[in-house]
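Below: the structure, in structure tokens.
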Amino acid sequence: MTELITKFFDAYFKTFSNKTVFTDEVPQEMILTEEDDEGWFEWKLIEGTLVEEDYQKVEREFRVEFPKSFINWHSRYYFLDADISILRLPTSNPNLPLEEIKKGFIAEQLIPQKLYPFGHDGNDTGSLVFDGRVDTKDNEFPIRVYDHEFDGDLEGLSEIIFSSFEKLLECLTHYMTELKTRKNFEIIPDFFRIDPTGAGLTGVSYWESWINILRAKFEKFGH
């Protein structure tokens with residue numbers, strides 16, 4: 001798992017910009033460059049200091065459960081962005097510890113149904129959720145998308161799009177790595193092979209809709 005986490009962040013820095021807008025909450029030790037005239041600056045990873053007990057406190061406070069793989073990933077570093085374009089994962093700022101994760105738990109209608117928000121899909125449809133209704137070792141829950149327009153009704157819940165958070169990391173790491181030489185809509189079908197019991201099974205329709213959206217965008221705008 002440690003190697004996968006390292007590969008994920010390596011791929012992120014090689015693929016996406018490490019620039020973000022400066023705020024007073026940004027820790028000095030994460031600043032790589034001075035802010036420009038528009039307030040943007042480059043940030044860097046620093047070693048994480050959060051421990052499992054910190055996440056357990058959030059679990060108790062909000063009555064949620066986290067997969068062990070998610071805790072391992074989120075606690076490994078502090079990082080100020082994790083927008084992969086097709087999915088947006090929660091950041092980690094040492095000056096605002098676990099704040100991004102806590103934001104996801106405003107959805108009070110979902111938590112009693114054992115659906116635990118932790119990120120967002122790239123189309124602004126809604127939240128990525130861990131499906132805690134499935135009993136799994138180390139809380140390695142499957143992942144779905146919840147459409148906020150359904151206001152807690154389970155009709156807004158997608159099929160499983162990843163079988164676990166570890167498979168999500170594998171697919172996204174592959175996606176970012178391949179973006180150097182391939183078009184985004186050409187890469188997504190690889191998820192079906194990498195995660196055959198999630199993305200490649202119940203998640204096919206969800207990811208095919210992404211493929212169609214990205215292909216149409218490329219045909220219209222050339223990117």
Side-chain angles (χ1 to χ4, degrees), residues 1-17 66-74 76-77 79 81-90 115-147 156-223:
M1 187 65 191
T2 301
E3 183 180 358
L4 176 58
I5 294 169
T6 300
K7 287 181 177 179
F8 172 89
F9 283 105
D10 283 347
Y12 181 85
F13 272 87
K14 290 175 181 177
T15 307
F16 294 103
S17 171
F66 297 130
K68 185 175 181 180
S69 59
F70 174 76
I71 294 174
N72 289 340
W73 170 78
H74 195 264
R76 179 67 180 85
Y77 298 104
F79 51 99
D81 199 357
D83 188 339
I84 319 298
S85 73
I86 54 174
L87 298 177
R88 297 196 296 274
L89 301 178
L115 299 171
Y116 310 131
F118 69 95
H120 299 277
D121 85 311
N123 263 345
D124 294 323
T125 298
S127 294
L128 299 172
V129 298
F130 295 122
D131 188 351
R133 301 172 302 173
V134 181
D135 188 22
T136 58
K137 182 181 178 182
D138 295 326
N139 293 339
E140 295 299 335
F141 304 127
I143 294 167
R144 301 176 186 260
V145 176
Y146 186 79
D147 186 334
L157 192 63
S158 77
E159 295 292 340
I160 292 170
I161 64 166
F162 289 117
S163 61
S164 67
F165 187 75
E166 185 170 354
K167 285 298 180 182
L168 175 151
L169 289 183
E170 285 185 34
C171 288
L172 292 186
T173 300
H174 175 78
Y175 177 80
M176 291 186 288
T177 302
E178 292 295 306
L179 275 176
K180 299 183 188 72
T181 57
R182 299 166 64 192
K183 297 177 180 65
N184 48 17
F185 58 85
E186 295 174 338
I187 304 167
I188 290 177
D190 296 349
F191 294 179
F192 306 153
R193 168 181 52 81
I194 297 170
D195 183 21
T197 61
L201 187 62
T202 53
V204 170
S205 293
Y206 175 84
W207 290 113
E208 283 183 341
S209 69
W210 263 108
I211 292 166
N212 292 335
I213 289 168
L214 294 172
R215 181 185 288 113
K217 181 181 177 183
F218 177 79
E219 290 173 351
K220 184 173 183 179
F221 300 108
H223 59 83

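- Closest approach of I84 to Y175, counting heavy atoms only: O-CE2, 3.9 Å.
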In residues 137-145, what donor-acceptor pairs under 3.5 Å come from side-chain atoms, sequence neighbours left out?
{"unit_1": "N139", "atom_1": "ND2", "unit_2": "F66", "atom_2": "O", "d": "3.3"}
{"unit_1": "E140", "atom_1": "OE1", "unit_2": "S69", "atom_2": "OG", "d": "2.7"}
{"unit_1": "E140", "atom_1": "OE2", "unit_2": "K68", "atom_2": "N", "d": "3.3"}
{"unit_1": "E140", "atom_1": "OE2", "unit_2": "S69", "atom_2": "N", "d": "2.9"}
{"unit_1": "E140", "atom_1": "OE2", "unit_2": "S69", "atom_2": "OG", "d": "3.3"}
{"unit_1": "R144", "atom_1": "NE", "unit_2": "D131", "atom_2": "OD2", "d": "2.8"}
{"unit_1": "R144", "atom_1": "NH1", "unit_2": "S158", "atom_2": "O", "d": "3.0"}
{"unit_1": "R144", "atom_1": "NH2", "unit_2": "D131", "atom_2": "OD2", "d": "3.3"}

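- Residues satisfying the ring pair (Phe, Tyr, Trp, His ring centres under 6.0 Å) criterion with F130, sequence neighbours excluded, are F70, F118.
- In this structure, the side chain to side chain contact (heavy atoms under 4.5 Å, CB included) partners of P189, at least two apart in sequence or on a different chain, are F192, I211.
- In this structure, I86 and W207 approach most closely via the heavy-atom pair CD1-CZ3, 4.0 Å.
- For N123, the side chain to side chain contact (heavy atoms under 4.5 Å, CB included) partners two or more places apart in sequence, or in a different chain, are D121, T125, W210, I213.
- Atom CZ of F191 is separated from atom CZ of R193 by 10.5 Å, given to the nearest 0.5 angstrom.
- For T173, the side chain to side chain contact (heavy atoms under 4.5 Å, CB included) test picks out L4, K7, F8, A11, T177, with sequence neighbours left out.
- Under the salt bridge (charged side-chain N to carboxylate O under 4.0 Å, His left out) criterion, R182 pairs with E178, D190, sequence neighbours left out.
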Subject >> Working for side chain to side chain contact (heavy atoms under 4.5 Å, CB included), residues F162 and L169 >> reply: CA-CA 10 Å; F162 289 117; L169 289 183; over 6 Å; no
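- For F79, the ring pair (Phe, Tyr, Trp, His ring centres under 6.0 Å) criterion is met by F9, W73, H74, not counting sequence neighbours.
- Taken from CG in L179 to CD1 in I187, the straight-line distance is 4.0 Å, to the nearest 0.5 Å.
- Annotation: salt bridge (charged side-chain N to carboxylate O under 4.0 Å, His left out) contacts of E170 (sequence neighbours excluded): K167.
- The shortest side-chain heavy-atom distance between V129 and L157 falls under the 4.5 Å cut-off.
- Considering only residues two or more places apart in sequence or on other chains, D124 meets the salt bridge (charged side-chain N to carboxylate O under 4.0 Å, His left out) condition with R88.
- Not counting sequence neighbours, S164 has no partner by the side-chain hydrogen bond (donor to acceptor under 3.5 Å, both in side chains) test.
- Nearest heavy-atom pair, L168 versus L89, reported as atom, atom and distance to 0.1 Å: CD2-CD1, 4.1 Å.
- Side-chain contact between R133 and L115: present, with at least one pair of heavy atoms (C-beta onward) separated by less than 4.5 Å.
- Every residue two or more places apart in sequence or in another chain that forms a side-chain hydrogen bond (donor to acceptor under 3.5 Å, both in side chains) with Y12 is listed here: D81.
- Crowding of K180 atom NZ: a count of heavy atoms from other residues, nucleotides or ligands under 6.0 Å exceeding 12.
- Across all their heavy atoms, T15 and M176 have their closest contact at OG1-O, 3.0 Å.
- A search for side chain to side chain contact (heavy atoms under 4.5 Å, CB included) contacts involving L201 returns nothing, not counting sequence neighbours.
- The CD1 atom of I188 sits 5.0 Å away from atom CG of L214, with the distance rounded to the nearest 0.5 Å.
- Using a 4.5 Å heavy-atom threshold, the side chains of K217 and H223 count as touching.
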